[in-house]
Amino acid sequence: MSITPLMPVYPRCGVRPVRGEHCHLIDEDGTRYLDFASGIAVNLLGHSHPGLIGAIQKQAETLMHVSNLYGSPQGEALAQRLVDKTFADTVFFTNSGAEAVEAAIKTARAYHQSVGNDDKYELITFTNAFHGRTMATISASNQEKMHKGFMPLLAGFKYAEFDDLDSAKALMGPNTAGFLVEPIQGEGGIRPASDEFIKGLRALCDEHDLMLVFDEVQCGVARTGTLYAYEQYGVEPDILATAKGIGGGFPLGACLATERAARGMGIGTHGSTYGGNPLAMAAGTAVLDAVANDEFLSEVREKGERIRARLEQFIGNYPDLFDFVRGKGLMLGLRMKVESRPFYAHLRDNHQLLTVAAGDQTLRILPPLVIGDAEIDEFFDKLSAGAADYQPPEAA
Ligand SMILES: *Cc1c(COP(=O)(O)O)cnc(C)c1O
């Protein structure tokens, strides 16, 4: 027997965190890491937020789980809050991002099929997108490395060039149900779509009665300095998938939709055993209590701008290593001139700084949204030291 008890699908590194303190992770052997990865954009409130812990503790003692066959005061309250704060009229809670995207895909198809437009099942998605690891969500991505070994894919997806409206238009046809897009690509390398692209997709949807579906699993929930990134584009989707940050570390996602978009999602059309259970609702409520207000959001924007300005100044010292900075709020990407993965490993192993590698030679900088000056200074100390003693593998 040589397979590991944990199915070996992840290239797990040597860091083995056992405890979290605010913006730091502490390893088995006591080593402290500055966490500018946040469990990949999950731990918005850091690791030991009293409000989040208290809410989960209290709910765990009161009622952890009941079936969705019963009424849900907690679910109604959180759904109402999301409805009040967004474009949406209705919310389906899930346990993960992929499930939120699945629900979004089903909602988009059902919009058309519920009125007999059975041919309109195809979603146009975009190159280098990441939507999750279920069969539908890998089928929604053009990335072959996620398809290999899992063929055949689910039918009904076509891949256009990201941020290229003409490419999207060229794929439209009688089967088109809508577009599924990350307004800011995360895994793809922190690539914000342009205003014209997002506005253009909205216009196409309005003109042809199609569904505009945003995957804000990574860029949503205050990460970019607005509750959802779409607000900064001045465009509202019909359907939106959210997850990652929304539970602050508790597994939670949601599919948000307008009343019109959700017309196919009646009784019995969809479900989830755990989705939206009281414990998850308590976590989601605590996160929204902390982040869904103007003061918190403007702080995220301000901290994002500060880090970005310092990064832009900093990368000038290393023109051979770094190319440019992109992103919004505290969802930042450092585009490198060399592969980002070995540099990310170097920062982690030699400077105890956790970031995330992404596509397109980009280093993702995704700190908890509650960072302060001390963490920002520590980040730049570690990053500077890491850049100064970095030997890219080809030169080593
Ligand atoms: C992480 C991610 C997903 C998948 O979320 P899981 O919780 O891992 O299923 C989907 N879309 C985007 C944009 C993501 O970043």
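Just so you know, these numbers come straight off a predicted model, no measurement behind them. We count ligands from 1, going down the list as the structure has it; atoms in each ligand are counted the same way. Both backbone and side-chain heavy atoms feed into the values below; hydrogens, waters and symmetry mates do not.
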Q. Is E182 touching ligand 1 with its side chain, its backbone, both, or neither, if touching means heavy atoms under 4.0 Å apart?
A. side chain
**Q.** S194-D163 side chain donor-acceptor pair, cut-off 3.5 Å
**A.** yes
Q.
Can you name the atoms of ligand 1, numbered from 1 with element, that are less than 4.0 Å from a heavy atom of S96?
A. 7 (O), 9 (O)
Q: Look at atom 11 (N) of ligand 1 and say whether a protein heavy atom is found at less than 4.0 angstrom from it.
A: yes
Q: Using a strict 4.0 Å cut-off to heavy atoms of G132, name the atoms of ligand 1 that fall inside it.
A: 4 (C), 10 (C)
**Q.** Heavy atom of the protein closest to atom 5 (O) of ligand 1 (residue, atom name, distance)
**A.** G97 CA, 3.2 Å
List the atom pairs, donor and acceptor, that lie under 3.5 Å between side-chain atoms in residues 325-332 and the rest of the protein, sequence neighbours left out.
residue, atom, partner, partner atom, Å
R326, NE, G189, O, 3.1
R326, NE, I190, O, 3.1
R326, NH2, G189, O, 3.1
R326, NH2, D360, OD2, 2.8
R326, NH2, T362, OG1, 3.0

Q: Would you kindly say whether Y111 and R260 are connected by a side-chain donor-acceptor distance under 3.5 Å?
A: yes
Q.
Angle between ring planes, F214 versus Y230, binned at 30° and 60°: parallel, tilted or perpendicular?
A. tilted
Q.
Can you name the atoms of ligand 1, numbered from 1 with element, that are less than 4.0 Å from a heavy atom of D215?
A. 10 (C), 11 (N), 12 (C), 13 (C)
(Q) Looking only at the side chains, is there a donor atom on one of N277 and H65 sitting less than 3.5 Å from an acceptor on the other? (A) yes
Q) Can the ring centroids of F126 and F197 be said to lie less than 6.0 angstrom from one another? A) yes
Q) Below 3.5 angstrom, do we get any N/O pair linking V217 and ligand 1? A) no
Q.
Checking Q232 against R301: is there a side-chain donor and acceptor pair closer than 3.5 Å?
A. no
Q | Residue, atom name and distance, where the atom is the protein heavy atom closest to atom 9 (O) of ligand 1 | A | A98 N, 2.7 Å
Q.
On a heavy-atom basis, I'd like to know which of E99, R133, E216, K244 is closest to atom 15 (O) of ligand 1.
A. K244
